[in-house]
Amino acid sequence: MREIVGEALAKRLVDWGVDTIFGLPGDGINGLMEGFRRQRESLRFVLVHHEEAAAFMATGYAKATGRLGVCAATSGPGAIHLLNGLYDAKLDHAPVLALTGMQETSVLGSYYQQEVHTPQLYENVAAYNLMVTNPQQLPGVVDIAIRKALAERTVVHLSFPNDIQVAEASADPYRHVSPGKPPKSSPVLSRPPVPAAQDELDRAARVLGEGGKVAMLVGIGARDARDEVLAVADCLAAPIVKTLPGKQVVPDEHPLTTGGLGLLGTKPSEELMEECDTLLMVGTSFPYSSYLPAPGKARVVQIDRDASRIGLRLPVEVALAADARTALRQLLPLLNPTTDRSFLEKYQRGSTEWRSSMKALRDPKRHPIAPSYFMGCVDDLAADDAILTCDSGTIATWSARHWTIRGGREFYLSGNLATMAPGLPYAIAMQHALPNRQVIAFVGDGGFAMLMAEFLTAARHDLPIKVMVNNNNSYGQILWEQILLGYPEYAVRHREPEADFSSWARSCGGYGVKVTDPGRLQDAVREALAHPGPALVDCSVNPNEPPMPGKVRYEQAKEFTEAFLRGQPHRIATLATVARDKINQLRS
Ligand code: FAD
């Protein structure tokens, strides 16, 4: 059998260590699919129900493993559907290769059916973006694309016209590219850790040593530097604040951390940023500058391996363009241990109080069920090395506050694109990549409804993922954002009765249970977690539970009141919820 381009592509992916492709076939990629079929012993094709989910899966796979994520879609609509997931990868620095189809080269330009010029469409999302027009371009362009994706942790794209896909792999007499094996047959991060320059390290040590109230802000870029972050923080007696994606860098109950920052963050973290005089930022592009020290208020040292990401939000005195773990290891011996630990101790007391006030919100008696209690049950019952994925919405708040990073636990969301719906596809991809881990998606009814067909994907692939649907029958986050603008909510609640997603889970062949009674919730979560296959708990939660910021600012309280005065519906229910939360916290 002659080798076609589709097969040459599949073989090259296998050479690079790729073992999984997430995608949906179509008549624009039949030649690629034939190539994948011929390599099916080494290359698993995960058949999904929507291409957007395939791109999220490739992104989730890359985020959790550090390896290349690969997704495939047909020409035109399929390629268009991939886009949102690819932007998620780009914005959160996940290496992803997108493979798409294209109409035959002979008809291009003739207003042909599905003639969507994907390289133009992908121009903004893909750092390497090419329509392959000659079989002999393979394998060179595959190598370049993969190296680029891994080196820059970004999105790359190759589009294959139908005739090229089935053309003989070595049809071109001109040998443009030498087809040797890739230098490293592994799709894992290939970039060597970059050390910091010695003079910058000396300056950083001096600035940190001169600080009286030093704090650290760590992001997902410090993911592999837990020990180093803790060692430097301990040496400087500096409390550690974590970004939301950086939640897993340090265990949530570690005495050196005050937790998250921002609307979803903690009160002690917010106060720490207001009080510190020196800030060491590590592996973060935290976007909300109003939560950072006012410019000029603190001296800043920043470590980021991408020099173009340094100084985005604050003036920086010392910039260490280096790998987080390497730079912190270099820095540690240059630091003098801080003997006065009173600043740290003050924030340790604040954090203890904060944690107990958060635990008080997990009220098992509230009806309708408090979302904090729902997340709290998942937190109490999940394994110590479970992975939690979540969507964008109020679920991000409940996860930030009530998913406790301990042991080997991890946490993933769409940080910078902040898109709805990735939670379920992430969980599917992570369960594929890490079959021995417990993988839980904590999603809202809104995000789940967008890509709920993927629960069927989980069932059809025998993936024992657990889906927890925080069902408030509304777009909760937007509801509260509208109120914080000072106006009553509009068009954010679905009409009653709310959907019962558990019946969908059961019809897919999975375990599904609907919970409206708080007394039943713990058992339902326990049963779902213990179920050997895919399982879903649809929990009716209180739609009038505001995700309160760590510290309520004057403007927030003012706008909230304005919205109420302007006729916000469900006022009484909301005020009653806030009052009961407060009473629980005062009692704790
Ligand atoms: P990134 O923005 O991805 O930055 C990571 C940085 O690390 C990059 O600059 C990268 O170059 C660098 N890096 C990577 N690897 C290394 C390495 N090895 N060495 C050194 N540097 C490295 N976030 C919050 O923090 N608080 C909130 O309240 C909050 N609310 C949110 C609400 C919702 C509904 C959603 C969806 C998201 C929310 N986010 C929140 C997420 C927020 O939008 C940003 O994504 C997040 O703050 C950025 O986190 P980060 O800096 O850790 O990650």
Side-chain angles (χ1 to χ4, degrees), residues 59 63 66 88-95 151-154 189 191-196 216-226 228-229 240-250 258-266 269-270 273 280-292 302-313 316 319-331 389-401 411-423 426 442-444 446-447 475-478 480-481 547-551:
T59 307
K63 281 187 176 185
D88 184 35
K90 173 181 163 146
L91 270 60
D92 278 352
H93 325 284
E152 297 179 16
R153 298 192 67 78
T154 193
L189 251 182
R191 178 191 286 198
V194 182
M216 288 177 75
L217 175 64
V218 303
I220 187 67
R223 165 186 157 140
D224 297 327
R226 177 182 284 184
E228 291 74 9
V229 165
I240 303 163
V241 175
K242 303 183 290 180
T243 66
L244 187 54
K247 186 173 168 62
Q248 58 191 308
V249 175
V250 172
T258 56
L261 183 67
L263 262 183
L264 279 55
T266 73
S269 292
E270 203 168 328
M273 286 296 127
L280 172 57
M281 296 169 73
V282 187
T284 174
S285 297
F286 182 81
Y288 317 111
S289 29
S290 70
Y291 284 88
L292 293 172
Q302 186 171 3
I303 303 173
D304 198 296
R305 73 173 175 194
D306 180 349
S308 72
R309 295 260 164 177
I310 295 181
L312 293 180
R313 323 276 174 228
V316 168
L320 301 171
D323 170 65
R325 183 159 65 158
T326 312
L328 290 172
R329 280 188 180 172
Q330 290 174 288
L331 192 58
T389 67
C390 98
D391 273 355
S392 305
T394 54
I395 45 262
T397 302
W398 319 128
S399 306
R401 302 261 168 85
F411 171 71
Y412 296 95
L413 86 168
S414 165
N416 288 305
L417 184 62
T419 173
M420 287 176 72
Y426 277 9
F442 188 68
V443 297
Y475 295 103
Q477 183 79 22
I478 308 308
W480 299 109
E481 284 176 3
M548 298 294 275
K551 213 173 145 183

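First listed ligand is number 1; within each ligand, the first listed atom is number 1.
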Q. Which distance, rounded to the nearest 0.5 Å, do you find between the CG of Leu292 and the CE of Met281?
A. 5.5 Å
Q.
Suppose we screen for side chain to side chain contact (heavy atoms under 4.5 Å, CB included). Which residues come up paired with Pro549, at least two apart in sequence or across chains?
A. Leu263, Val552, Gln556
Q: Report the distance from atom CG of Leu413 to atom CG of Leu244, rounding to the nearest 0.5 Å.
A: 5.0 Å
Q: Would you give the length of the straight line joining atom NZ of Lys247 to atom CD1 of Ile220, rounded to the nearest 0.5 angstrom?
A: 12.0 Å
Q. Any idea which residues sit under 4.0 Å from ligand 1, heavy-atom distances?
A. His93, Gly219, Ile220, Gly221, Thr243, Leu244, Pro245, Leu261, Gly262, Leu263, Leu264, Gly283, Thr284, Ser285, Phe286, Pro287, Tyr288, Asp304, Arg305, Asp306, Arg309, Ala322, Asp323, Ala324, Ser392, Gly393, Ala396, Leu413, Ser414, Gly415, Asn416, Ala418
Q.
I'd like to check the side chain to side chain contact (heavy atoms under 4.5 Å, CB included) partners of Ile478; sequence neighbours left out, ordered by chain and number.
A. Tyr475, Glu481, Gln482, Val492
Q) With sequence neighbours left out, what residues match Arg325 under side chain to side chain contact (heavy atoms under 4.5 Å, CB included)? A) Ala225, Glu228, Asp323, Arg329
